[in-house]
Peer 1: 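The structure that follows is given in the form of structure tokens.
A, B, ... follow the sequence lines: proteins, then strands. Residue 1 opens every chain.
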Amino acid sequence: MKVYNTLSKKKETFTPLEEGKVKMYVCGPTVYNLIHIGNARPMIVFDTVRRYMEYKGYEVNFVSNFTDVDDKIIKKAVEEGVSAQEISKRYIEECKKDMENMNVKTATVHPLATEEIDGMLEMISTLIEKGYAYSTADGTVYFRTRKFKDYGKLSHKNLDELQAGHRDIKVTREDKEDALDFVLWKPKKEGEPYWESPWCQGRPGWHIECSVMSKKYLGEEIDIHAGGEDLIFPHHENEIAQSEACNGKIFAKYWLHNGFLNIDNKKMSKSLGNFFTVREIQEKYDLQVLRFFMLSAHYRSPLNFSADLMEAAKNGLDRIRNSAKNLNYLSQNAKVVQMAEQEAEFWKESDVFVTKFESSMDDDFNTADAISVVFELVKYINTKVNEASSKEFLDKLYQRMCLLCDILGIILEEKEEILEEEIETLITERQAARKEKNFARADEIRDILLKKGIILEDTREGVKWKKA
RNA sequence: GGCGCAGUAGCCAAGCGGUAAGGCAAUGGUCUGCAACACCAGUACGCACCGGUUCAAAUCCGGUCUGCGCCUCCA
């Protein structure tokens with residue numbers, strides 16, 4: 001299995017630190033609002049990485065945090081006149097609902113920054129002892145960036161370039177030894193949540209939490225650290241500095257980063273008004289469609305989001321689901337016999353799709369390619385299967401489809417929705433009318449239902465309905 | 001100013017040295033009381049442009065144009 005490592009800028013063969021086990025950390029969201037579809041990309045992508053690793057037989061210890069102390073949370077709390085904790089708690093719950101609806105597996109541990117303050121104080125103290133950090137008059141603690149020789153190895157920047165970088169809005173604080181030093185601990189402001197520390201009453205800087213939580217739940221050395229590409233600098237660069245300066249060991253072996261999600265070819269931002277929450281997408285689509293859409297491009301490429309693209313993704317997913325549905329339908333009526341000789345040959349022949357799927361995924365999780373293999377399987381199934389097929393053959397093919405889709409986190413079974421009784425009755429009446437060849441009445445009922453927003457389709461599996 | 005990514009059919013998107021996967025849409029067909037759905041079948045002499053290397057280039061090298069990202073909170 002090859003993975004692209006941001007550290008080396010190359011695809012590398014994946015070899016875990018410990019045979020058969022994977023230690024993986026994914027930077028989670030700051031919970032100050034409902035998550036947006038940009039937040040959803042790393043969740044979906046790295047959940048898929050995890051699923052594939054598990055499929056390959058690895059035992060994956062997957063840790064993903066919730067940042068529950070932060071300026072934006074405090075700001076939101078002030079706006080609503082409630083505590084910061086109330087805000088973070090609320091949006092963690094909402095986020096978990098969204099994750100479930102996107103079929104993102106729960107992490108082995110979902111640590112909260114506010115519950116790991118002790119570990120942070122400990123790491124900051126060690127960094128000060130080792131000369132990698134210093135505190136200032138007001139109790140702010142900074143990381144001494146220039147002291148860490150490898151600084152810049154992830155983002156491939158060197159300190160002088162960084163400093164020479166033209167930035168209009170460059171806020172440098174007077175008490176820093178160097179403009180590049182970043183905050184580990186900062187004093188509270190009036191009304192803000194705070195914790196006691198040797199330096200002042202205050203709260204942690206953003207970067208320290210991930211270093212600490214990763215260490216606590218996965219150890220000083222981990223296999224994979226992942227997140228959005230925007231986190232490469234400064235967040236992940238700073239994490240490396242903190243962890244490696246503190247532990248004296250290589251922090252993470254592989255660094256994976258997903259590309260950004262754009263809206264109509266523009267960066268998503270509130271000011272442009274092109275900001276979508278996962279919840280808003282859910283009003284219009286099953287979140288499986290969102291997931292399928294996100295996996296239809298390579299995770300490192302930028303991905304454009306638009307209404308048309310979602311619609312295309314929906315139609316594509318439907319093709320896969322229809323094929324699965326058809327297998328189920330045929331299976332229900334199939335003869336319970338063993339595979340015929342030719343079916344056994346076809347079955348054997350379809351092994352190739354599993355092999356191809358795996359080699360796509362082995363190549364840096366090429367889900368776009370993997371999905372194309374699923375479509376090839378769909379076509380194969382559609383052309384090889386009919387009313388005369390044996391139950392064994394049908395069921396095996398169905399299981400094979402499920403196997404591949406499950407790795408992608410795509411669910412094939414659809415939730416059964418319940419119709420109002422009145423509509424149910426009309427559908428039954430229409431069926432009766434059709435049987436008596438009273439097509440006028442049948443069409444009349446179809447029109448009535450259409451006006452109620454129900455579209456009927458007469459398929460060979462019986463009448464199907466969907467909402468307009 | 002520095003660092004970096006990308007340009008493949010109407011749209012999306014794999015391929016990354018051996019002669020263009022897959023999906024959506026459009027088109028033709030099969031099925032159906034009709035409609036819809038579903039299924040099947042075609043669909044790029046070509047991979048932004050100009051040069052170069054090679055027996056062979058969408059893939060490597062140089063240049064040009066265009067779009068985008070990071071360097072500041074951000075997934």
Peer 1: Output yes when at least one side-chain N/O atom of A:S360 is less than 4.0 Å from OP1 or OP2 of B:rG15, else no.
Peer 2: no

Peer 1: Tell me, please, whether A:F346 has A:K384 positioned over its six-membered ring: NZ or CZ under 6.0 Å from the ring centre and within 45 degrees of its axis?
Peer 2: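 Positive - A:K384 is close enough to the ring of A:F346 and near enough to its axis.
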
Peer 1: Round to a whole Å and report the spacing from CZ of A:F260 to C1' of B:rG4.
Peer 2: 15 Å

Peer 1: How long is the line joining CZ of A:R319 and C1' of B:rA38, in whole Å?
Peer 2: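 Whole-Å distance recorded here is 10 Å.
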
Peer 1: Can A:F375 be classed as stacking with the base of B:rG22, given a centroid separation cut-off of 5.5 Å and a plane angle cut-off of 30°?
Peer 2: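 The ring of A:F375 is not stacked on B:rG22.
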
Peer 1: Please tell me which of A:L317 and A:Y380 maps to the more 5' nucleotide of RNA chain B, matching each residue to the nucleotide holding its nearest heavy atom.
Peer 2: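 The residue mapped nearer the 5' terminus is A:L317.
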
Peer 1: If you look at every strand shown and take non-hydrogen atoms under 4.0 Å, does A:K314 touch a base, only sugar-phosphate, or nothing?
Peer 2: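 Contact class for A:K314: none.
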
Peer 1: With a cut-off of less than 4.0 Å, is there a side-chain N or O of A:K379 near OP1 or OP2 of B:rA41?
Peer 2: yes

Peer 1: Phosphate oxygens OP1/OP2 of B:rG4: is one of them under 4.0 Å from a side-chain N or O of A:K157?
Peer 2: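 No, outside the criterion.
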
Peer 1: Look at the side-chain N and O atoms of A:R430 and state whether any lies under 4.0 Å from the OP1 or OP2 oxygen of B:rA35.
Peer 2: no

Peer 1: Is there a donor and acceptor pair closer than 3.5 Å between the side chain of A:N262 and the base of B:rC68?
Peer 2: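 Answer is no: no donor-acceptor pair is held.
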
Peer 1: Any base atoms under 4.0 Å from A:S323, or only sugar-phosphate, or nothing? Heavy atoms, all strands.
Peer 2: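 If one applies the 4.0 Å heavy-atom cut-off, A:S323 turns out to touch nothing in the nucleic acid.
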
Peer 1: Under 6.0 Å from the ring centre and within 45 degrees of the ring axis: does the NZ or CZ of A:R203 meet both conditions for the six-membered ring of A:Y194?
Peer 2: no

Peer 1: Need to verify one output field. Residue with the more 5' nearest nucleotide on RNA chain B, A:L231 or A:N322?
Peer 2: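 It is A:N322, whose closest nucleotide lies nearer the 5' terminus.
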
Peer 1: Answer with base, sugar-phosphate or nothing: what part of the nucleic acid does A:H298 contact at a heavy-atom distance below 4.0 Å?
Peer 2: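 Sugar-phosphate only.
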
Peer 1: Looking for any heavy atom pair under 4.0 Å, which part of the strands does A:L261 touch: base, sugar-phosphate only, or nothing?
Peer 2: base

Peer 1: Expressed as a whole number of angstroms, how long is the span from A:I232:CD1 to B:rC70:P?
Peer 2: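 Taking CD1 of A:I232 and P of B:rC70, I get 11 Å after rounding.
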
Peer 1: Under 4.0 Å, heavy atoms only, any strand: does A:D443 hit a base, just the sugar-phosphate, or nothing?
Peer 2: base

Peer 1: Looking for any heavy atom pair under 4.0 Å, which part of the strands does A:D308 touch: base, sugar-phosphate only, or nothing?
Peer 2: nothing

Peer 1: Base, sugar-phosphate, or nothing: which does A:K356 touch, judged by heavy atoms less than 4.0 Å apart?
Peer 2: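 No contact at all - A:K356 keeps every heavy atom at 4.0 Å or more from the nucleic acid.
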
Peer 1: Indicate, with a heavy-atom threshold strictly under 4.0 Å, whether A:L456 touches base, sugar-phosphate, or nothing.
Peer 2: base

Peer 1: Rounded to whole Å, please give me the gap between CD1 in A:I455 and C1' in B:rA36.
Peer 2: 9 Å

